[in-house]
Amino acid sequence: MALSSFSPTFPSSHRGSCPLTSPRFTTTTTTTTSTRHFASFHRPRPPFLSTSAFASLSNPFSASLAVSRGKARAGGRDTRFSIKACSQASAAGSNPLSEKFSELRDSCWRFLRPHTIRGTTLGSIALVARALIENRELINWWLTFKAFYGLVALLCGNGCIVGINQIYDIGIDKVNKPYLPIAAGDLSVQSAWFLVLFFAAVGLLIVGWNFGPFISSLYCLGLFLGTIYSVPPFRLKRYPVVAFLIIATVRGFLLNFGVYYATRAALGLTFRWR
C-alpha cells in the first residue's frame, strides 16, 4: 500500500508574486517509508502478564482458587444453591443415623394417614368448643390438659385402625396406593404391628385413666369395629353396606357422641340429647 503526499507548485513566471488561484499539485509516492511504518505498527508484541496472573502461574493452588471464584461469580445464585445442596448431601451421608431417623419419621407419618388425623382433630375441637360455649361459666382452663389427653387417645385409636387396615391390604395398596409405607417397602410388617399395638395400649391407658368406664367401653367398641373391618375371617370391608355402617358408626356416632359426652362430664354436667 502506498501513501501519497501532496505539495503545491506554481509556474516560474509567477514566483515571488501572488500565487495563482488554482495551484497545481504533484504527487510524490513514498511506498518504502510507509511500508516500513506499517510493518513497525503491526509488529507483534509480547504478551503482558499482570502480577496476579504471574502469581497464579507460579502457584497452581491459587490458580485453581481463582478459577473457582470466577465460576462462582459466573454461576451466581445457582452456584450458591448447588454448593449448599452438595454440603447438605455430604452432611446427610456423613450421618446415617440421622438419615434413618428421618426416613422412619416419614414412614410413620404416612402410616398414620394424615387426612384421617385432620378429620379427627377438627371434629373433636368443634365438639369441645360447642360444649364450652354452652356452659361458659363452667370453663376451667386446667381442663385443657384433659382435652389434650383425649385428643391423643383418639389419634392413637385412629392410628391403630388404619394401621391394621394397611397390614391386611398390602396387595391392594401396591396397586391403588403404592405410596403407603408398607406397600412401598419403607416399613416392615413387624414394625407396623409394633406401632398398632403401641397405639392401642397408649390409647386404652389414657382413656381408662382419665375418662371413666363408659367412655372406655365406647373406645373399645370403636377399636373392635375397626379391627373386624379389615381382619380375616371377618373382613367386613368386603360388603359395601356393612363397611359403610362400620365407618359411619366409628367416625360418626362414636366420635361425636363420645367427645361431647366426655366434655360435659369433665364440666360436671350430665349428657342430654338434643
Side-chain angles (χ1 to χ4, degrees), residues 105-167 177 180-181 192 194-231 236-237 242-274:
R105 181 182 58 186
D106 177 69
S107 300
C108 291
W109 177 246
R110 287 182 286 133
F111 181 74
L112 290 174
R113 307 301 304 276
H115 70 280
T116 61
I117 294 178
R118 288 191 290 267
T120 302
T121 303
L122 291 176
S124 303
I125 292 175
L127 291 167
V128 171
R130 177 185 174 180
L132 294 177
I133 291 173
E134 292 174 348
N135 304 274
R136 299 178 182 178
E137 68 280 359
L138 300 176
I139 294 178
N140 185 356
W141 294 110
W142 288 103
L143 296 177
T144 305
F145 297 100
K146 194 169 186 178
F148 176 76
Y149 296 150
L151 179 61
V152 172
L154 289 174
L155 295 180
C156 287
N158 176 80
C160 175
I161 293 173
V162 299
I164 292 175
N165 183 59
Q166 291 179 65
I167 291 172
K177 302 172 184 177
L180 293 178
F194 173 79
L195 291 174
V196 165
L197 295 176
F198 174 78
F199 290 144
V202 171
L204 288 171
L205 286 175
I206 292 175
V207 172
W209 187 265
N210 293 280
F211 297 99
F214 181 69
I215 297 297
S216 298
S217 62
L218 293 179
Y219 192 84
C220 292
L221 177 61
L223 292 180
F224 174 75
L225 292 176
T227 301
I228 64 176
Y229 176 84
S230 302
V231 174
L236 298 179
K237 67 179 297 181
V242 179
F244 166 76
L245 291 175
I246 289 178
I247 294 173
T249 301
V250 174
R251 297 199 175 274
F253 173 73
L254 291 179
L255 176 64
N256 296 323
F257 173 76
V259 172
Y260 190 69
Y261 183 95
T263 305
R264 290 186 62 89
L267 295 174
L269 302 172
T270 59
F271 181 81
R272 290 184 299 176
W273 290 99
R274 292 187 178 182

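The figures here come from the full heavy-atom set of this structure, side chains too, leaving out hydrogens, waters and symmetry mates. All figures in this text were calculated on a predicted structure; none of them were measured in a lab.
Residue Leu204 holds its CG atom at 13.5 Å from CZ of Phe199, rounded to the nearest 0.5 Å. With values rounded to the nearest 0.5 angstrom, Cys160 atom SG is found 7.5 Å from Leu197 atom CG. Here the straight-line distance linking atom CG of Leu218 with atom CZ of Phe253 works out to 7.0 Å at 0.5 Å rounding. The CG atom of Leu154 sits 7.0 Å away from the OG1 atom of Thr120 when rounded to the nearest 0.5 Å. To the nearest 0.5 angstrom, Thr249 atom OG1 is 6.5 Å from Leu225 atom CG. The CD1 atom of Ile228 sits 13.5 Å away from the NZ atom of Lys237 when rounded to the nearest 0.5 Å.
Of the candidates Asn210, Val207, Thr144, Asn210 is the only one forming a side-chain contact (heavy atoms from CB on, under 4.5 Å) with Tyr149.
Residues satisfying the side-chain contact (heavy atoms from CB on, under 4.5 Å) test with Thr121, not counting sequence neighbours, are Ile117, Ile125, Leu151, Leu155. Contacts of Ala192 classified as side-chain contact (heavy atoms from CB on, under 4.5 Å), with partners at least two apart in sequence or in another chain: Phe111, Ile167, Ile182, Leu187. Not counting sequence neighbours, Arg251 has no partner by the salt bridge (charged side-chain N to carboxylate O under 4.0 Å, His left out) test.
Residues Ile133 and Arg136 approach most closely at O-CG, 3.3 Å, considering heavy atoms. In terms of heavy-atom proximity, Ile139 sits nearest to Leu132 at CD1-O, 4.0 Å. Pairing each heavy atom of Leu112 with each of Thr116, the nearest pair is O-OG1, 3.2 Å. Heavy-atom minimum distance, Val250 versus Gly222: CG2-O, 4.2 Å. Of all heavy-atom pairs spanning Pro181 and Ser107, the tightest one is CG-O, 3.5 Å. Shortest non-hydrogen contact noted between Leu143 and Ala266 is CD1-O, 3.8 Å.
Between Phe198 and Phe194, the ring planes are parallel. Angles under 30° get that label, and only those over 60° would be called perpendicular.
No side-chain heavy atom of Gln166 sits under 4.5 Å from any side-chain heavy atom of Lys177. Under the 4.5 Å side-chain criterion, counting only non-hydrogen atoms from C-beta, Asn256 is in contact with Leu127. Considering only heavy atoms from C-beta on, Ile164 comes within 4.5 Å of Val231 through its side chain.
The number of heavy-atom neighbours closer than 6.0 Å to CZ of Phe224, taken from other residues, nucleotides and ligands shown, is 12 or below.
Between the side chain of Asn135 and the backbone N or O of Ala131, at least one donor-acceptor pair lies under 3.5 Å. Using a distance-only test at 3.5 Å, with no hydrogens or angles considered, a donor-acceptor pair links the side chain of Tyr219 to the main chain of Gly157.
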Quick one, Leu255 with Val259, criterion side chain to side chain contact (heavy atoms under 4.5 Å, CB included). Give me CA distance, side-chain angles, the key distance, then yes/no.
CA-CA 6 Å; Leu255 176 64; Val259 172; 4.0 Å; yes
Can Tyr229 and Ile161 be said to form a side chain to side chain contact (heavy atoms under 4.5 Å, CB included), step by step?
CA-CA 9 Å; Tyr229 176 84; Ile161 293 173; 6.0 Å; no
